[in-house]
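One structure below.
Predicted model, so just to flag it, every value in this text is computed and none were measured. Quick note: residue numbers are just sequence positions, from 1. Excluded from the calculations below are hydrogen atoms, water molecules and symmetry mates; all remaining heavy atoms, backbone and side chain alike, are included. Atoms within each ligand, like the ligands themselves, are counted from 1 in listed order.
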Amino acid sequence: MLQLTEDWGEALFSALSRAGGKAFSNMAVGYNNVDVNAANKYGVAVGNTPGVLTETTAELAASLSVAASRRIVEADEFMRAGLYDGWLPHLFVGNLLKGQTVGVIGAGRIGSAYARMMIEGFKMNLIYYDLYQATRLEKFVTAYGEFLKANGEQPVTWKRAGSMEEVLREGDVISLHPILDKTTYHLINKERLSIMKKEAILVNCSRGPVVDEVALVEHLKENPMFRVGLDVFEDEPYMKPGLADMKNAIVVPHIASASKWTREGMATLAALNVLGKIKGYPVWSNPNNVEPFLNENSPPPAACPSIVNAKNLGLTASKL
Ligand SMILES: NC(=O)C1=CN([C@@H]2O[C@H](COP(=O)(O)OP(=O)(O)OC[C@H]3O[C@@H](n4cnc5c(N)ncnc54)[C@H](O)[C@@H]3O)[C@@H](O)[C@H]2O)C=CC1
Ligand SMILES: O=C(O)C(=O)CO
């Protein structure tokens, strides 16, 4: 069972295979640290831990969105420094979320859960970009909009953007939730930052290299009302020079999945991936529904919860 901080490629899979190893599991849903082709070559099953991180990670993204919008960290530092002198009309004025547009790039499990939180919680309108249509999310926003309208409130709306640039231009708060691969490396760069609104909020709880962090530091310097909330960094555990000095950046150390329930669930799924393969179990048919593996009152199904290269290795799917 491995951490997402370890890079697994040809040399390690070859060594694992020579030692008789047949299975490996990341204790993470993202597996950009794993060379799956190399694992395929040596016949090693690669597990991950989907589903148990969804709400916890989305909640941190929502927390960063609110904290950045309302300048909570700056205000906290000001208070602790003994600088508060009494109420002032212009003290830490931030952005109202209600009625604004939330942009989501990568509307998969976490991106969709985050979108719902911002829509239900703050009545924001949605614009999203993904390679695939997020049908369930669209249906939810439509139904919620109708509910609000029936109650005499302004309905929320959704739009699937034809390009990422459309989201960047229109979003007031934009949260990044794609996987990291070569299509999403430096997805947010100097040019794309320049088309965002001057007072936009950018949140990244996906992977650090999705954002060109050097370009981001420059952008933060030039646009003091542009704010970011970052859980992940290009060269973890380090930050690019200058980022730590920026008042308009909130930075936390890759804690988006750090709730007790989630971390226990991740450990359980990772262990069951490996154990299941050793026992010769088939692969669970729906890795988006891993609840049956997490019930403390009944034994887990006789299956590996999530093996990402099951098809490549010709592993059988569970009929459960
Ligand atoms: N900060 C943290 O602690 C955590 C970070 N993560 C990161 O979040 C990622 C997403 O996790 P899930 O939502 O569970 O995965 P998911 O697979 O459900 O969602 C990823 C979405 O990104 C979309 N996508 C892929 N390439 C894209 C592109 N070029 N442009 C736009 N969208 C694209 C996919 O179509 C998919 O809908 C993970 O791969 C991981 O890297 C996940 C959990 C915790
Ligand atoms: O599961 C992941 O991808 C993580 O980043 C864990 O925090």
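Listed by chain and residue number, the protein contacts of ligand 2 are Leu4, Ala28, Val29, Gly30, Leu53, Arg207, His254, Ser257, Met266 (heavy atom within 4.0 angstrom).
Test Lys22, Arg18, Glu10 against Tyr42 for side chain to side chain donor-acceptor pair (under 3.5 Å) and you get one pass: Glu10.
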* Between Asn33 and Asn26, does a side-chain hydrogen bond (donor to acceptor under 3.5 Å, both in side chains) hold up when you go through it step by step? -> CA-CA 9 Å; Asn33 58 317; Asn26 241 12; 2.9 Å; yes
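With a 6.0 Å cutoff to the six-membered ring centre and a 45° limit on the axis angle, Arg70 does not count as a cation-pi contact of Phe92.
Nearest heavy-atom pair across Trp8 and Leu12 is CE3-CB, 3.6 Å.
For the residue pair Thr101 and Asn125, no side-chain donor N or O sits within less than 3.5 Å of a side-chain acceptor on the partner.
No more than 12 heavy atoms of other residues, nucleotides or ligands sit less than 6.0 Å from atom NZ of Lys311.
Ring to ring, Trp158 and Tyr128 are not that close: their centroids are 6.0 angstrom or more apart.
Taking the six-membered ring for Trp and thresholds of 30 and 60 degrees, Phe24 and Phe13 have ring planes more than 60 degrees apart, a perpendicular arrangement.
Of the inter-residue distances, the one linking Ser306 atom OG with Asn289 atom CG reads 12.0 Å to the nearest 0.5 angstrom.
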Would you mind writing out a table of all protein N or O atoms found under 3.5 Å from any N or O atom of ligand 1, naming both atoms and giving the distance to 0.1 Å?
residue, atom, partner, partner atom, Å
ligand 1, 1 (N), Cys205, O, 3.0
ligand 1, 1 (N), Asp231, OD2, 2.8
ligand 1, 3 (O), His254, NE2, 3.2
ligand 1, 13 (O), Arg109, N, 3.4
ligand 1, 13 (O), Ile110, N, 2.9
ligand 1, 14 (O), Arg109, NE, 2.9
ligand 1, 14 (O), Arg109, NH2, 3.2
ligand 1, 18 (O), Arg109, N, 2.9
ligand 1, 18 (O), Arg109, NE, 3.4
ligand 1, 29 (N), Thr183, OG1, 3.1
ligand 1, 35 (O), Asp130, OD1, 2.6
ligand 1, 37 (O), Gly108, N, 3.4
ligand 1, 37 (O), Asp130, OD1, 3.4
ligand 1, 37 (O), Asp130, OD2, 2.7
ligand 1, 41 (O), Arg207, NH1, 3.4

